[in-house]
Number of protein chains: 2
Amino acid sequence: MPGLPVNAPYHHGDLRAAALQMGMERLASQEQPDLGLRALARDLGVSATALYRHFPNKDALLDALALEGLNRLGQHQAEAAAQAGGGHDGFGEVGVTYVTWAVENPALLRLIYSRVGQVDLAADDPTAMGEAFRQLRAGIAAMMPDEMSKDRRAAAALHAWSLVHGLAMLILDGQVEYDPAMVRKVVLMTDFSASH
Amino acid sequence: MPGLPVNAPYHHGDLRAAALQMGMERLASQEQPDLGLRALARDLGVSATALYRHFPNKDALLDALALEGLNRLGQHQAEAAAQAGGGHDGFGEVGVTYVTWAVENPALLRLIYSRVGQVDLAADDPTAMGEAFRQLRAGIAAMMPDEMSKDRRAAAALHAWSLVHGLAMLILDGQVEYDPAMVRKVVLMTDFSASH
DNA sequence: TCGCAATGTTTATGCTGTTAACATGCGTCT
DNA sequence: AGACGCATGTTAACAGCATAAACATTGCGA
């Protein structure tokens, strides 16, 4: 039994990592990337079925890519939150950042949301995908103004998430043209200190 | 040249309409319907390639289904708007209705948004899909309070559309559990008469 | 050094969308 | 009425896909 390095290179030299990297590159550079096993294997200079030694099936590969993307999104959100300095204004900036990141990573955001919904919760690693998303949710909720009641905080967090996610999806689906100024105006429109 | 009945039955008896109806039934009854040409043809009691006499390819079939779904959504929105009686409160009800319809027609809503974005705008019938969506947008914009400036109306309409669409997608993707009371609270949270 | 297990390849299966060639029959025109 | 034509449906075939099984290779641990 080997020590710690789980991904020790064998014949190819860590084909798993190479496949994931190539997948991430395609997700970053193309709007509708070809993530077929044959296409990936061909461009990796490897036979069509070699990837089955590292992933049980195609969905597992996509899940791994989605998880990596989710981690990057979460990290990006955390950076934006830290830079904005918290508070009401900072929270707005985080929302704008979400939309901006989505526009810059359309295929990756779509992959994340297409995969995270149908993850088998009884799988081997229940913490992988679900935990990353739970962290994202917690981050959103934690950024709400302190003076709110717990109930209102939950509703406000869901409101904020829905707003930026919906705006991002409408832009990605081509229903709304991307206009940074308009995005800013729309996202910052909500006044969370209002009544209700 | 025949008169008005464009879809006169031949051998099968209007296979095109039968295929669309079966597709709509599957979209209505299943979360991830099998809309494969072979599966549809088999259940229609027809050979696998018969549908190519009525649709140039699979995408055309899906586009036709998405268009039908879009019309139903628009009609549903119009009914909700009329019932709500316009005004600020009525507008909120329309938003709640959007989310409710999405929850009740998840596969159809997903199909609509997945197809409408990549429609070839230079196609034969440029009015079909795009026009239906333009009508939906116009309906949303027309429902904004009258006292707003044109600019603010546009931003508020996009805000409202983003909010309900994002909330619907989060529910459909399994990120948020469907809770009618919570949906109502979140959708009605925005106060459009606020400053900015 | 030997062996085993991890890695990669070859081959094969059943699915998919799609095309071409062929068959059938309703509608129309003479 | 009869024949032609075109819309419709069928059969056969092809390329691509994900995937599984059998086989080959190679590096690490005992």
Side-chain angles (χ1 to χ4, degrees), chain A residues 1-23 26-27 30 32-66 107 111 114-115 118-120 123-124, chain B residues 1-23 26-27 30 32-66 107 111 114-115 118-120 123-124:
Chain A
M1 208 180 296
L4 287 180
V6 185
N7 290 333
Y10 272 75
H11 301 82
H12 173 276
D14 210 343
L15 179 59
R16 178 187 166 94
L20 291 178
Q21 182 182 344
M22 171 162 290
R26 295 190 176 193
L27 284 164
Q30 303 168 23
Q32 294 177 4
D34 183 6
L35 298 176
L37 292 180
R38 281 175 148 82
L40 284 177
R42 183 176 349 106
D43 292 9
L44 284 167
V46 96
S47 93
T49 62
L51 293 171
Y52 280 88
R53 299 296 146 181
H54 302 275
F55 305 93
N57 50 38
K58 184 185 179 183
D59 280 356
L61 205 183
L62 296 182
D63 284 344
L65 289 172
L111 179 68
S114 72
R115 285 282 132 197
Q118 53 206 32
V119 164
D120 186 7
D124 293 344
Chain B
M1 209 180 296
L4 288 179
V6 185
N7 289 333
Y10 272 73
H11 299 82
H12 174 277
D14 210 343
L15 177 59
R16 179 187 167 93
L20 290 178
Q21 181 182 344
M22 173 162 289
R26 295 190 176 193
L27 283 165
Q30 303 168 24
Q32 294 177 3
D34 182 7
L35 297 176
L37 292 180
R38 281 176 151 84
L40 283 177
R42 182 176 352 105
D43 291 9
L44 284 166
V46 96
S47 92
T49 61
L51 293 171
Y52 280 88
R53 300 293 146 183
H54 301 273
F55 305 93
N57 51 38
K58 183 186 179 183
D59 282 355
L61 205 183
L62 296 182
D63 284 344
L65 289 172
L111 179 68
S114 72
R115 285 282 133 197
Q118 52 204 32
V119 164
D120 186 8
D124 293 343

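Chain naming here is simple, since letters A, B, ... match the order of the sequence lines and numbering starts at 1 in each.
- By the side chain to side chain contact (heavy atoms under 4.5 Å, CB included) test, B/Gln30 pairs with B/Arg26, B/Pro33, sequence neighbours left out.
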Could you list, one pair per line, each protein nitrogen or oxygen that sits under 3.5 Å from a nitrogen or oxygen of nucleotides 12-16 of chain C, together with the distance?
none

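- Distance check: B/Arg42 CZ to B/Ser47 OG gives 12.5 Å after rounding to the nearest 0.5 Å.
- Rounding to whole angstrom units, CG of residue A/Leu15 and P of C/dG8 are separated by 5 Å.
- B/His54 is listed as a side-chain neighbour of B/Leu15, based on a closest heavy-atom distance under 4.5 Å.
- If B/Asp59 and B/Arg53 are placed on DNA chain C by their nearest nucleotide, the residue sitting closer to the 5' end is B/Asp59.
- For A/His54, a side-chain nitrogen or oxygen approaches OP1 or OP2 of C/dG8 to under 4.0 Å.
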Verdict with reasoning, B/Leu20 to B/Leu61, per side-chain contact (heavy atoms from CB on, under 4.5 Å): CA-CA 8 Å; B/Leu20 290 178; B/Leu61 205 183; 4.0 Å; yes
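- Here the C1' atom of nucleotide D/dA20 and the CZ atom of A/Phe55 are 18 Å apart, to the nearest Å.
- Atom pair B/Leu51:CG and D/dA7:C1' shows a separation of 15 Å (rounding to whole Å applied).
- Within the 4.5 Å cutoff, side-chain heavy atoms of A/Leu37 are placed close to those of A/Tyr52.
- We find that OH of A/Tyr52 is positioned 18 Å from P of C/dT11, with the value rounded to whole Å.
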Stepwise side-chain contact (heavy atoms from CB on, under 4.5 Å) test for B/Met22 and B/Leu44: CA-CA 8 Å; B/Met22 173 162 289; B/Leu44 284 166; 3.9 Å; yes
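- Taking atom CG of B/Asp14 as the reference point, atom P of D/dT8 lies 9 Å away to the nearest angstrom.
- Take the nearest nucleotide of DNA chain D for B/Ala48 and for A/Pro56: the residue whose nucleotide is more 5' is B/Ala48.
- Each of C/dT18, C/dT9, D/dA20 was ranked by its minimum atom distance to the side chain of A/Ser47; first place goes to C/dT9.
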